[in-house]
Amino acid sequence: AVATHRAERGAHYDPAFDADLKYRQSIDLALRSAVARSEFSLVFQPQVDMETRLTIGVEALLRWTSPEHGAVSPAVFVPLAEENGTIVEIGAWVAHEACRLAVANNWPGRLSVNVSPLQFTQDDVVAMIASALLQSGFPPNRLDIEVTESLLAQGGAIVETLEKLRDLGASIAIDDFGTGYSSLNYLSSLPLDKLKIDQSFVRQLANPRNASIVETIVSLGRRLGLVVVVEGVETEAQFDLLAALGCHIAQGYLFGRPGALPAVEQPLNQQLAPPLETPVLLDGTR
Ligand code: C2E
Ligand code: MG
Ligand code: MG
Ligand code: MG
């Protein structure tokens, strides 16, 4: 296929294309042994209740340091891991490790984990999540599973699988909302708990037309009884506007870059715990 492609390119042969292809092939190969070689780690980014500005949760984000390639961004390797299927093994590692670390550090808040669409088709994702919860002892009702719009578009058995994850006690968040091939149909028909507005909307919030789009997504989410999370919040000005538009939870550099689990200075059930029990987190109402 490579040779054919090259032949078709004919006079337009581009050495940069070959270099890129070689890089991707070598990443592809390295991904296949990266879990076994313990090359992955997790960082955590705070999620803040916009009313109290207290951290109420964290999202686990994957990091890969390859001996050969150095630090590779998940924006680069996750799509490749989805292409070659290694995301199934990697994603299971993420869920187990995130729950394990949360328990080991007495993390009292919510924990969000990204689950790729391929894990739903190539793995028993319910059994995998159940195992991560059971092995770690992390409370199921503090786990959020982030799925993307492309998964929801698959239809079929997905509703049943999401319901089973909810039966375990976990919540479902739709990630990067507004960037995929959105069908508003599934928003009302699927068992969802949270809607995460993609950071691309936040970046362009100064543009009134984009602010209108965000306002519409927020009210849609709220009317459907979803908790509305917004990612990529970098400035106080963005925060104020998003709070005024009715978002419930904010995530972004304004409150912290992905890193170690935030240190909890107050004992459990004091500073961090109460917001977890407020209705905003359970049904999206205030
Ligand atoms: P995502 O799930 O939408 O995660 C949010 C991304 O936005 C993270 O990038 C985070 O570092 C970045 N971010 C957070 N706040 C800000 C901000 O204020 N400004 C800017 N400019 N960026 C911000 P990261 O960690 O590079 O991850 C990129 C994507 O890789 C994730 O997007 C997710 O799609 C994927 N990914 C990461 N970890 C996993 C994983 O464990 N499993 C799967 N399937 N995908 C993952
Ligand atoms: Mg996410
Ligand atoms: Mg996201
Ligand atoms: Mg995103």
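- With hydrophobic clusters built from ILVMFWY side chains whose heavy atoms lie under 4.5 angstrom apart, Val43 does not share a cluster with Leu111.
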Requested in this report: Go through Lys194 and Asp144 one step at a time and tell me if the side chain to side chain contact (heavy atoms under 4.5 Å, CB included) criterion holds.
Outcome: CA-CA 9 Å; Lys194 290 186 170 177; Asp144 291 328; 2.7 Å; yes
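- Aromatic pair Phe255/Phe239: centroids less than 6.0 angstrom apart.
- For the pair Glu97 (side chain) and Ser41 (backbone), a donor-acceptor distance under 3.5 Å is absent.
- Taking each heavy atom of Pro258 and Tyr253 in turn, the nearest pair found is CD-CE2, 4.2 Å.
- Nearest heavy-atom pair, Cys247 versus Ile197, reported as atom, atom and distance to 0.1 Å: SG-CD1, 4.4 Å.
- The 12-atom threshold is exceeded at CD of Gln204, counting heavy atoms of other residues, nucleotides or ligands nearer than 6.0 Å.
- Contact detail for Val58 and Pro262: the closest heavy-atom pair is CG1-CD, 3.6 Å.
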Pair up each side-chain donor or acceptor in residues 122-129 with any protein partner under 3.5 Å, not counting sequence neighbours, and list the distances.
{"residue": "Asp124", "atom": "OD1", "partner": "Val126", "partner atom": "N", "Å": "3.3"}
{"residue": "Asp124", "atom": "OD1", "partner": "Ala127", "partner atom": "N", "Å": "3.1"}

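- Contact annotation: the side chain of Thr148 never approaches that of Thr179 to less than 4.5 Å [non-hydrogen atoms, C-beta and beyond].
- At a threshold of 4.5 Å between non-hydrogen side-chain atoms, the residues Asp193 and Val227 do not count as touching.
- Sorted by first and then second residue, the side chain to side chain donor-acceptor pair (under 3.5 Å) pairs involving residues 58-76 (not counting sequence neighbours) are Ser26-His69, Glu39-Trp64, Glu59-Asn114, Glu59-Lys196, Glu59-Gln251, Ser66-His69.
- How far CG of Leu133 is from NE2 of His96: 9.0 Å, rounded to the nearest 0.5 Å.
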Report task. List the steps, then state whether side chain to side chain contact (heavy atoms under 4.5 Å, CB included) holds for Leu190 with Val159. Result -> CA-CA 6 Å; Leu190 284 165; Val159 173; 3.2 Å; yes
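- Taking the side chain as every heavy atom from C-beta outward, Phe177 and Leu187 approach each other to under 4.5 Å.
- The residues Glu163 and Arg166 are annotated as not salt-bridged, no charged nitrogen and carboxylate oxygen being separated by less than 4.0 angstrom.
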**Report entry** Verdict with reasoning, Val94 to Phe40, per side chain to side chain contact (heavy atoms under 4.5 Å, CB included)
**Finding:** CA-CA 9 Å; Val94 168; Phe40 291 111; over 6 Å; no
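- Leu31 approaches Phe77 most closely through the heavy-atom pair CD1-O, 3.9 Å.
- Separating the CG atom in Leu42 from the CZ atom in Arg100 is a distance of 9.5 Å, to the nearest 0.5 Å.
- Atom CG of Asn207 sits about 8.5 Å away from atom OG of Ser212, to the nearest 0.5 Å.
- A donor-acceptor distance shorter than 3.5 angstrom exists from the side chain of Gln238 to the backbone of Glu234, with no hydrogens or angles considered.
- The CD1 atom of Ile27 sits 12.5 Å away from the CZ atom of Arg32 when rounded to the nearest 0.5 Å.
- Between Phe120 and Leu165 there is a side-chain heavy-atom pair separated by less than 4.5 Å.
- Residue Ile145 is not grouped with residue Leu61 when hydrophobic side chains (ILVMFWY) are merged at heavy-atom distances under 4.5 angstrom, including chains of intermediate members.
- No side-chain heavy atom of Leu54 sits less than 4.5 Å from a side-chain heavy atom of Val48.
- For Leu224 against Ser188, the heavy-atom pair with the smallest separation is CD2-CB, 4.3 Å.
- Each of Gln45, Glu146, Arg142 was checked for a side chain to side chain donor-acceptor pair (under 3.5 Å) with Ser112, and the lone residue meeting it is Glu146.
- Under the side chain to side chain donor-acceptor pair (under 3.5 Å) rule, His248 has a single partner from Glu51, Arg222, Gln47, which is Arg222.
- Within the 4.5 Å cutoff, no side-chain heavy atoms of Glu231 are placed close to those of Val202.
- The one candidate from Val230, Ile213, Val228 that meets the side-chain contact (heavy atoms from CB on, under 4.5 Å) condition with Val218 is Val228.
- Linking ILVMFWY side-chain heavy atoms closer than 4.5 Å, directly or via other members, places Leu168 and Leu134 in two distinct hydrophobic clusters.
- Side-chain contact between Pro191 and Ile172: absent, with no pair of heavy atoms (C-beta onward) separated by less than 4.5 Å.
- Between Pro46 and Gly256, the shortest heavy-atom contact is CD-O, 4.0 Å.
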Query - Derivation and outcome, side chain to side chain contact (heavy atoms under 4.5 Å, CB included), residues Leu101 and Trp107 - result: CA-CA 8 Å; Leu101 283 169; Trp107 171 245; over 6 Å; no
Donor-acceptor contacts, no H, no angles, side chain residues 78-93, under 3.5 Å, sequence neighbours left out:
{"residue": "Glu82", "atom": "OE2", "partner": "Ser116", "partner atom": "OG", "Å": "2.9"}
{"residue": "Asn84", "atom": "OD1", "partner": "Thr86", "partner atom": "N", "Å": "2.9"}
{"residue": "Asn84", "atom": "OD1", "partner": "Thr86", "partner atom": "OG1", "Å": "2.6"}
{"residue": "Asn84", "atom": "ND2", "partner": "Asp28", "partner atom": "O", "Å": "3.3"}
{"residue": "Asn84", "atom": "ND2", "partner": "Asp28", "partner atom": "OD2", "Å": "3.2"}

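- In this structure, the separation between CD on Gln119 and CG on Leu151 is 10.0 Å, given to the nearest 0.5 Å.
- The distance from the CG atom of Leu226 to the CD1 atom of Ile217 is 12.5 Å, given to the nearest 0.5 Å.
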